[in-house]
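One structure below.
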Amino acid sequence: MYPITVNLKNKEVLIVGGGKIAARKVKGLISEEAIITIISPTLDEGIDATKVTWIQKKYETGDIFPSASLIFACTDDKPLNEQILEEALPSQIVNVVSNKEISEFYNMSMIKHDGLKIGISTEGASPLVAKKTRIELQEWLENK
Ligand SMILES: C[C@@]1(CC(=O)O)C2=NC(=C\c3[nH]c(c(CCC(=O)O)c3CC(=O)O)Cc3[nH]c(c(CC(=O)O)c3CCC(=O)O)/C=C3\N/C(=C\2)[C@@H](CCC(=O)O)[C@]3(C)CC(=O)O)/[C@H]1CCC(=O)O
Ligand SMILES: NC(=O)c1ccc[n+]([C@@H]2O[C@H](COP(=O)([O-])OP(=O)(O)OC[C@H]3O[C@@H](n4cnc5c(N)ncnc54)[C@H](O)[C@@H]3O)[C@@H](O)[C@H]2O)c1
């Protein structure tokens, strides 16, 4: 996996599914000032509906719009998440939260500390190890 940091300010991001995992992705995207559209019948209480465009419906073929730079397939329907990856344009990069084997990018576990941004990745092998390492590193940074 090729690590980069991306400026998403004013870039369109599509999220399909509006649950717990989507809420985690939305937090980071809002802070980067991305333009967020969510297609989902429900919206988790952790998502600030005033900061996203919520299209309240089930995903259907044709819903993917070409101006979306990134797509998060975040539903709890694994085959649907895989269908979304297949229906995206070749120019769009898709995160499939339920299948790391086919996912085209991953989120990293993030630390922001004193002007530093530290991303921790296991390249999908163990998100839990990434989280544990973040907590330990965060404690070390705070106490050094
Ligand atoms: C780092 C972090 C960032 C973020 O999401 O923003 C992140 N996962 C986090 C947490 C977390 N994820 C999971 C648990 C429960 C674990 C448990 O209990 O066992 C917890 C812990 C929790 O939720 O507390 C389960 C899980 N995760 C994935 C799958 C699907 C699969 O493996 O195929 C399943 C199984 C689903 C199932 O089958 O149920 C997949 C992915 N998760 C990734 C990132 C990407 C790889 C990152 C890497 O390089 O390792 C990747 C590939 C795609 C993606 O999502 O980008 C964030 C840490 C935030 C923090 O630092 O606190
Ligand atoms: N990447 C990760 O870190 C991670 C961690 C845990 C779980 N997961 C995976 O992520 C999936 C989602 O987890 P969650 O906790 O967010 O689930 P959730 O139940 O909180 O949310 C699922 C969302 O998908 C929506 N949805 C369902 N069918 C839909 C459809 N046809 N069209 C549009 N939206 C639809 C629901 O309305 C809901 O908003 C899990 O099933 C699991 O496979 C990933």
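In each ligand, atom 1 is the first atom listed, and ligand 1 is the first ligand listed.
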(request) Classify the contact between R24 and ligand 2 as side chain, backbone, both or neither, using a heavy-atom distance cut-off of under 4.0 Å. (result)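 Side chain only.
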(request) Could you see which bit of A23 sits under 4.0 Å from ligand 2, with heavy atoms only: side chain, backbone, both or neither? (result)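 Neither; nothing of A23 gets under 4.0 Å from ligand 2.
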(message) L141 vs I118, test: side-chain contact (heavy atoms from CB on, under 4.5 Å). Steps then yes/no.
(response) CA-CA 11 Å; L141 284 164; I118 302 174; 3.9 Å; yes
(message) Measuring only between side-chain heavy atoms, which start at C-beta, is E82 closer than 4.5 Å to I102?
(response)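 Of all side-chain heavy-atom pairs linking I102 with E82, at least one is under 4.5 Å.
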(message) In the structure I gave you, are the side-chain heavy atoms of V96 and I84 within less than 4.5 Å of one another anywhere?
(response)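 No; the side chains remain at least 4.5 Å from each other.
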Does ligand 2 come near enough to [X] that some N or O of the ligand is less than 3.5 Å from an N or O of the residue?
X	result
D77	no
L43	no
K20	yes
Y59	yes

(message) Assess the residue pair K78 and N99 against the criterion (side-chain contact (heavy atoms from CB on, under 4.5 Å)); give the C-alpha distance rounded to whole Å, side-chain angles, the decisive distance to 0.1 Å, and a yes or no.
(response) CA-CA 8 Å; K78 205 173 169 195; N99 187 339; 4.2 Å; yes
Output yes when the distance from some N or O of ligand 1 to some N or O of [X] is under 3.5 Å, and no in every other case.
X	result
S103	no
Y106	no
I120	no

What protein heavy atom lies closest to [atom]? Include the residue and the distance to one decimal.
atom	value
atom 40 (C) of ligand 1	V97 O, 3.9 Å
atom 10 (O) of ligand 2	V97 CG2, 3.3 Å
atom 49 (O) of ligand 1	T122 N, 2.8 Å
atom 24 (O) of ligand 1	K131 NZ, 2.6 Å
atom 1 (C) of ligand 1	S109 N, 3.5 Å
atom 44 (C) of ligand 1	N107 O, 3.6 Å
atom 25 (C) of ligand 1	P127 CG, 4.4 Å
atom 43 (O) of ligand 2	S98 CB, 3.2 Å
atom 32 (O) of ligand 1	K100 CD, 3.5 Å
atom 31 (N) of ligand 2	L80 CD2, 3.2 Å
atom 21 (O) of ligand 2	G19 CA, 3.2 Å
atom 24 (O) of ligand 2	T75 CA, 3.4 Å

Which ligand 1 atoms are under 4.0 Å away from a heavy-atom of [X]?
X	value
R134	60 (C), 61 (O), 62 (O)
N99	33 (O)
S126	50 (O)

(message) Could you measure the distance from the NZ atom of K20 to the CZ atom of R24? Nearest 0.5 Å is fine.
(response)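 Result: 11.5 Å between the selected atoms.
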(message) For L70 and Q92: C-alpha separation, side-chain torsions, deciding distance, then whether side-chain contact (heavy atoms from CB on, under 4.5 Å) applies.
(response) CA-CA 6 Å; L70 292 184; Q92 296 174 316; over 6 Å; no
Just let me know how [X] lines up against ligand 1, side chain, backbone, both or neither, with a heavy-atom cut-off below 4.0 Å.
X	value
M110	neither
R24	side chain
L128	side chain

(message) How close do V97 and K25 get, counting heavy atoms only, and between which atoms?
(response) CG1-CE, 3.9 Å
(message) Please give me the minimum heavy-atom distance between K117 and K112, naming the atom from each residue.
(response) CE-CE, 3.6 Å
Mark whether [atom] lies under 4.0 angstrom from at least one protein heavy atom.
atom	value
atom 57 (C) of ligand 1	yes
atom 4 (C) of ligand 1	yes
atom 46 (C) of ligand 1	yes
atom 34 (C) of ligand 1	no
atom 38 (O) of ligand 1	no
atom 20 (C) of ligand 1	no

Could you list the atoms of ligand 2 found under 4.0 angstrom from a heavy atom of [X]?
X	result
K58	31 (N), 32 (N)
T42	36 (C), 37 (O), 38 (C), 39 (O)
G17	24 (O), 25 (C), 34 (N)
I39	33 (C), 34 (N)
C74	12 (C)

(message) Tell me whether the count of non-hydrogen atoms from other residues, nucleotides or ligands lying under 6.0 Å of NZ in K9 goes above 12.
(response)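 For K9, atom NZ is not crowded (no more than 12 foreign heavy atoms under 6.0 Å).
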(message) My understanding is that we take every heavy atom of each candidate and find the minimum distance to atom 13 (O) of ligand 2. Doing that for L128, V96, I21, D76, which one comes out nearest?
(response) I21
(message) Which option wins on minimum heavy-atom distance to atom 34 (N) of ligand 2: P41, P127, G46?
(response)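 Residue with the shortest heavy-atom distance to the ligand atom: P41.
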(request) For K25 and ligand 1, answer yes if some heavy atom of the residue is under 4.0 Å from a ligand atom, otherwise no. (result) yes
If Ile, Leu, Val, Met, Phe, Trp and Tyr residues are connected whenever their side-chain heavy atoms lie under 4.5 Å apart, and connections chain through other members, are [X] and [Y] in the same group?
X	Y	answer
M110	L116	no
L85	Y106	no
V26	I35	no
I47	V13	yes
V6	L14	no

(request) Please determine, by modelled atom types, if E87 and Q83 share a side-chain donor-acceptor pair under 3.5 angstrom. (result) yes
(message) Checking side-chain polar atoms at under 3.5 Å, does E12 have a donor or acceptor matched by the opposite partner on S69?
(response) no
(message) Would I71 and I64 count as a side-chain contact (heavy atoms from CB on, under 4.5 Å) here? Give the steps.
(response) CA-CA 9 Å; I71 299 172; I64 292 176; 3.8 Å; yes
(request) Look only at the side chain of W54 and the backbone of S40, and say whether a donor-acceptor pair between them is shorter than 3.5 Å. (result)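 Checked: pair present.
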(request) Using a strict cut-off of less than 4.0 Å between a Lys/Arg side-chain nitrogen and an Asp/Glu carboxylate oxygen, indicate whether K27 and D48 qualify as a salt bridge. (result)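 Here K27 does not pair with D48 in a salt bridge, since their nearest N and O are not under 4.0 Å apart.
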(request) Please find out if less than 6.0 Å separates the ring center of F105 from that of F72. (result)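 Close enough - the centres of the two rings lie under 6.0 Å apart.
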